[in-house]
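Comments concern the structure below.
For reference, positions follow the sequence shown, starting with 1.
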Amino acid sequence: MKITLDTRFRGSLGTVTLREAVQQLKAHDLACSVTPETLEEKATIFKLCVERGFTPLRSEIMAAYYVAERDATLDAFDRGLITDGEREQKQLELTRQILSAR
């Protein structure tokens, strides 16, 4: 069975599609621990991975990896350890790596 965003599964509040789960996650107020921008970016990466046929678990891992690597790159830039050009290059490489994963 191919897993898509319309795949239904049993969540803690009943049956839900992956698409609905992502929407609920995005709508949930997680400002106490995650910025809205980070949540949006992670949800977008998760959605792209599922649309490409990855399992929900692998998509979640890839999205978490993307956010962690992006944050590490931004931290290195903020600390003056890399230049703006290096930051941009690392971001392009990260995006390319995630979107071309097999």
Side-chain angles (χ1 to χ4, degrees):
M1 176 176 118
K2 182 176 179 181
I3 296 174
T4 69
L5 288 174
D6 295 316
T7 301
R8 299 187 83 62
F9 67 97
R10 192 170 195 103
S12 60
L13 299 175
T15 303
V16 65
T17 65
L18 284 174
R19 182 182 320 278
E20 292 165 341
V22 169
Q23 289 171 342
Q24 289 173 15
L25 179 64
K26 288 168 54 175
H28 192 273
D29 181 15
L30 296 177
C32 62
S33 61
V34 180
T35 65
E37 295 80 22
T38 298
L39 183 61
E40 178 68 32
E41 201 164 2
K42 187 174 178 187
T44 298
I45 295 294
F46 177 85
K47 180 177 176 263
L48 288 171
C49 290
V50 170
E51 286 174 344
R52 293 184 60 226
F54 295 119
T55 65
L57 178 58
R58 182 167 181 194
S59 297
E60 173 61 24
I61 291 168
M62 291 171 70
Y65 171 78
Y66 174 86
V67 170
E69 286 292 323
R70 188 217 50 212
D71 287 353
T73 299
L74 290 174
D75 185 55
F77 174 72
D78 290 344
R79 292 174 180 237
L81 301 174
I82 61 174
T83 66
D84 190 45
E86 290 171 315
R87 180 195 57 78
E88 288 178 6
Q89 184 61 36
K90 285 182 180 275
Q91 182 63 37
L92 285 172
E93 290 170 5
L94 178 61
T95 301
R96 195 173 306 125
Q97 178 185 10
I98 293 296
L99 296 180
S100 67
R102 299 248 180 245

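- Of all heavy-atom pairs between Met62 and Cys49, the closest is CE-SG, 3.7 Å.
- In this structure, Glu51 CD and Asp6 CG are separated by 9.5 Å, a value rounded to the nearest 0.5 Å.
- Membership of the apolar cluster around Ile82 extends to Phe77, as traced through chained side-chain contacts below 4.5 Å between ILVMFWY residues.
- Among residues at least two apart or in separate chains, salt bridge (charged side-chain N to carboxylate O under 4.0 Å, His left out) pairs with a member in residues 86-95 are Asp84-Arg87.
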Applying side-chain contact (heavy atoms from CB on, under 4.5 Å), run through Arg70 and Thr73 and close with a yes or a no.
-> CA-CA 5 Å; Arg70 188 217 50 212; Thr73 299; 5.8 Å; no
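- Using a 4.5 Å cut-off between side-chain heavy atoms of Ile, Leu, Val, Met, Phe, Trp and Tyr, Leu92 forms no hydrophobic cluster with any other residue.
- Taking CG of Leu74 as the start and CD of Glu69 as the end, the distance is 11.5 Å to the nearest 0.5 Å.
- For Asp71, the side chain to side chain donor-acceptor pair (under 3.5 Å) test picks out no residue, with sequence neighbours left out.
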Criterion side-chain contact (heavy atoms from CB on, under 4.5 Å) on Arg8 and Val16, from CA distance to verdict | CA-CA 5 Å; Arg8 299 187 83 62; Val16 65; over 6 Å; no
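- Every residue two or more places apart in sequence or in another chain was checked for a side chain to side chain donor-acceptor pair (under 3.5 Å) with Asp78, and none qualifies.
- To the nearest 0.5 Å, atom OG1 of residue Thr44 and atom CD of residue Glu41 are 7.5 Å apart.
- Here OH of Tyr66 is found 4.0 Å from OG1 of Thr95. Values are rounded to the nearest 0.5 Å.
- Residue Ser59 comes nearest to Phe54 through the heavy atom pair OG-CB, 3.5 Å, listed as atom of the first residue, atom of the second, then distance.
- Every residue was checked against the side-chain contact (heavy atoms from CB on, under 4.5 Å) condition with Ala68, not counting sequence neighbours, and none meets it.
- Of all non-hydrogen atoms in Ile98 and Arg52, the two that sit nearest each other are O-NH1, 3.5 Å.
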